[in-house]
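First up is the structure itself, then whatever we jot down about it.
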Amino acid sequence: MKQLGLLIRLIIGIIAGILIGMCGQWFGIADTAFFVTIIRLLATFTSLFSTFLSFMIPLIILSFITVGMAELGKKANRLFGLTLLLAYGTTVISGLLTFFIGKAVLPGLIQPITGDVLESNAFEPLFTITVDPIFGVMTALVFAFVLGIGMANLKGDSLLNVFRDLQKIVTGVLSRIIIPLIPIHIAGLFANIAAEGRLAATVKMFASLYAIIIVLQLLYILSQFGLASIVCRKNHFKSMKNAAPAYFTALGTQSSASTIPIALNCAYNNNINSDVADFVVPLCATINLNGDTICTGAVVCPTRSGRCSPCWAAMVLSGLRLPYCCCSSGEHAAPARRC
């Protein structure tokens, strides 16, 4: 299975999950104990894996950003400011573009949500385990900044060596556990959605919306690689193949933080300087909100009257994550997807 490559495994996971979930409707076994047990087993795996991944994310951010900033030395101060400017600047730009496109195109494409579509059969995990992260994502981010900048200006390497060892441990967990299991995790997510009967109804109702969101995101990705090619005077479009697994992982998990391990692996495969990748990838997974802005903006805008929610303007101007912004569509509210 490992010989297939991560992108192929992710695609297989998505397709396999949909097929497994749809078997209940196709063969009339949706209410049988066998089918329910299979789906609940997959739901249990995704729950346990998500819990473990949530525990590891702050450690990934802390170890990689700290070591990356420390090894970059005093250049880290300048790189942090530049990264912050680019992250929030491009977020506002992508948000404004989505605003105008969504206001012009989407209101006539989206159908009203009915109560029948919102109702679905939930498949609960067989059991759950609570493992709280050592600290939150933002705490890890700030802590990494303080330690990284501090170690970059220290002469000794004793503390840096400790975090290098921590990075090696985290890297081992990523390469041996998290990355190999990501396709199974995504398969479980899609199997659960399909088994609950939400997949076909959601795709039918929001097919146009999803298509526009994906096209906008792909156009934004193309513009990034195009800009990189112009600045570096080198064709970086061929690097998109190595970056594709990160996009499919984000599409399946709907979480920027959960995509950090895959994004780091993609960055290494594109021969990006490891110190820069270790610093920028975890940081931008937290502060670079282009995908969130495109998704949320596209969902908030298509109201029946064609007006955009006031909270959308606040999100564009502030560049902050607004995952559950709501828009009125018929008699029900449609929560924006988390991207």
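As a basis for the values below, the full set of heavy atoms in this structure was taken, side chains included, without hydrogen atoms, waters or symmetry mates.
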- Task: Begin from the C-alpha positions of Tyr268 and Asp278 and carry the test side chain to side chain contact (heavy atoms under 4.5 Å, CB included) through to its verdict.
- Result: CA-CA 9 Å; Tyr268 298 150; Asp278 293 346; 2.4 Å; yes
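- Classification of the Phe49-His185 ring pair by plane angle, with boundaries at 30° and 60°, yields tilted.
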Distance-only check: which donor-acceptor pairs under 3.5 Å involve side-chain atoms of residues 61-69, not counting sequence neighbours?
from	atom 1	to	atom 2	distance (Å)
Ser63	OG	Leu59	O	2.8
Ser63	OG	Ile60	O	3.3
Thr66	OG1	Leu62	O	2.5

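- Residues that satisfy the side chain to side chain contact (heavy atoms under 4.5 Å, CB included) test with Ile230, not counting sequence neighbours, are absent from this structure.
- Qualifying side-chain hydrogen bond (donor to acceptor under 3.5 Å, both in side chains) partners for Tyr220, counting only residues two or more places apart in sequence or in other chains: Thr90, Gln224, Asn290.
- Evaluation of the salt bridge (Lys or Arg N to Asp or Glu O under 4.0 Å) test over residues 163-175, restricted to residues two or more places apart or in two chains, returns Glu71-Arg164.
- With contacts defined as side-chain heavy-atom distances shorter than 4.5 Å, the pair Leu48/Phe127 qualifies.
- Partners of Asn270 under the side-chain hydrogen bond (donor to acceptor under 3.5 Å, both in side chains) rule, at least two apart in sequence or in another chain, are Asn242.
- Annotation: side-chain hydrogen bond (donor to acceptor under 3.5 Å, both in side chains) contacts of Asn265 (sequence neighbours excluded): none.
- Residue-environment remark: CZ (Phe143) stays at or below the threshold of 12 foreign heavy atoms within 6.0 Å.
- With sequence neighbours left out, the ring-ring contact (aromatic ring centres under 6.0 Å, His included) criterion links Phe237 to no other residue.
- By the side chain to side chain contact (heavy atoms under 4.5 Å, CB included) test, Leu97 is found to be paired with Ile93, residues two or more places apart in sequence or in another chain being considered.
- Not counting sequence neighbours, the partners of Val276 by the side chain to side chain contact (heavy atoms under 4.5 Å, CB included) test are Leu72, Asn273, Val280.
- The side chain to side chain contact (heavy atoms under 4.5 Å, CB included) test applied to Val162 returns no partner, not counting sequence neighbours.
- Partners of Glu124 under the side-chain hydrogen bond (donor to acceptor under 3.5 Å, both in side chains) rule, at least two apart in sequence or in another chain, do not exist in this structure.
- Applying the salt bridge (Lys or Arg N to Asp or Glu O under 4.0 Å) test to pairs two or more places apart or on separate chains, none has a residue in residues 232-261.
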